[in-house]
Novice: 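Dropping a structure here in structure tokens format, bear with me for questions.
The chain is numbered in sequence order, starting from 1.
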Amino acid sequence: MAPYNIVLLKDELSLGTWLAVGAAAQILFGLAAPARYVLLPVALTFSILGLDFALQYLGLRKSPYLRDAVRDRHSIMFRERDGSRPEGLGTKPVAMFLIGVRSNHPLGRLLPKYRKFNEYMDQLYADAEANHLGRTPDWLNNEHAQNNTLCSISYWQSVEELEAFARTPIHIKALKFLFSAGMGPKGHELGVI
């Protein structure tokens with residue numbers, strides 16, 4: 001994880017906020033530019049977006065959203081403890097852990113303390129490398145206008161190893177930081193698959 005993923009900024013603000021920012025930029029451009037050029041930014045933006053859509057629709061440009069998509073059925077096979085490939089699918093149970101965290105501060109993930117949270121996440125998953133099988137990228141839960149909830153799924157070799165990880169000093173330190181910073185776990189879900 002980066003100190004703060006600037007790409008998340010687009011999701012941090014609500015649609016109304018982005019429209020207000022665009023309107024303010026348009027007003028400033030209108031005050032600085034001659035009257036005949038006032039609609040130039042809007043026309044240019046719609047032209048670029050329209051051309052991009054047309055190229056994707058005609059198959060002349062690939063959609064950036066499908067760049068890493070797997071368009072076939074697939075399944076995850078975790079290696080055995082000795083590193084060998086398993087005999088077949090479903091030969092051993094895997095613990096799947098869903099976690100969400102929400103910043104309750106009005107600035108959401110723009111809160112400076114959130115950067116410290118990202119550092120803790122890097123330390124947590126580096127510390128868990130031995131028993132941690134992998135995790136999904138963070139995704140946003142937008143049940144609130146400020147889109148301030150991140151969720152992730154992680155996979156573990158067993159429930160016992162996940163519980164042991166929860167008792168490590170770095171995990172306890174990170175959890176205390178979350179509560180002291182006004183961010184707390186939104187929810188935990190654990191399943192064995």
Side-chain angles (χ1 to χ4, degrees), residues 1-71 97-126 134-154 171 173-189:
M1 230 184 244
Y4 182 77
N5 188 346
I6 199 68
V7 176
L8 290 175
L9 181 62
K10 71 178 178 60
D11 295 316
E12 184 67 40
L13 304 174
S14 66
L15 178 60
T17 303
W18 280 115
L19 289 173
V21 168
Q26 182 67 29
I27 289 170
L28 291 175
F29 183 79
L31 293 173
R36 63 179 177 228
Y37 297 117
V38 170
L39 292 179
L40 185 63
V42 175
L44 189 60
T45 300
F46 277 117
S47 298
I48 291 170
L49 292 174
L51 178 63
D52 186 52
F53 172 76
L55 291 173
Q56 287 180 39
Y57 183 76
L58 295 172
L60 300 173
R61 181 180 181 279
K62 291 185 178 183
S63 171
Y65 300 109
L66 298 176
R67 181 178 54 232
D68 297 325
V70 177
R71 294 183 179 216
F97 184 61
L98 171 70
I99 186 167
V101 65
R102 177 174 66 214
S103 172
N104 296 318
H105 193 275
L107 289 176
R109 288 188 318 270
L110 296 176
L111 178 68
K113 289 182 180 180
Y114 212 94
R115 291 176 189 254
K116 184 71 174 167
F117 169 69
N118 286 341
E119 292 172 17
Y120 276 120
M121 290 298 290
D122 289 340
Q123 292 173 10
L124 283 168
Y125 283 108
R135 73 181 184 125
T136 63
D138 293 327
W139 73 86
L140 294 168
N141 180 348
N142 57 2
E143 68 186 36
H144 300 286
Q146 61 270 38
N147 299 335
N148 62 355
T149 304
L150 289 177
C151 298
S152 181
I153 298 175
S154 60
H171 182 265
K173 186 177 176 183
L175 202 56
K176 286 179 181 177
F177 170 77
L178 276 176
F179 288 115
S180 70
M183 298 179 280
K186 181 174 176 0
H188 294 73
E189 292 293 332

Novice: For Gln56, enumerate each residue passing the side-chain contact (heavy atoms from CB on, under 4.5 Å) test, keeping only those at least two apart in sequence or located in another chain.
Specialist: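 Listed in chain order: Asp52, Arg61, Ser63, Pro64.
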
Novice: Which pairs pass salt bridge (charged side-chain N to carboxylate O under 4.0 Å, His left out) with one or both residues in residues 25-35, sequence neighbours excluded?
Specialist: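 Qualifying pairs, neighbours excluded: none.
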
Novice: Sequence neighbours left out, cut at 3.5 Å: what donor-acceptor pairs do the side chains of residues 21-43 make with other protein atoms?
Specialist:
residue: Gln26; atom: NE2; partner: Val38; partner atom: O; Å: 2.4

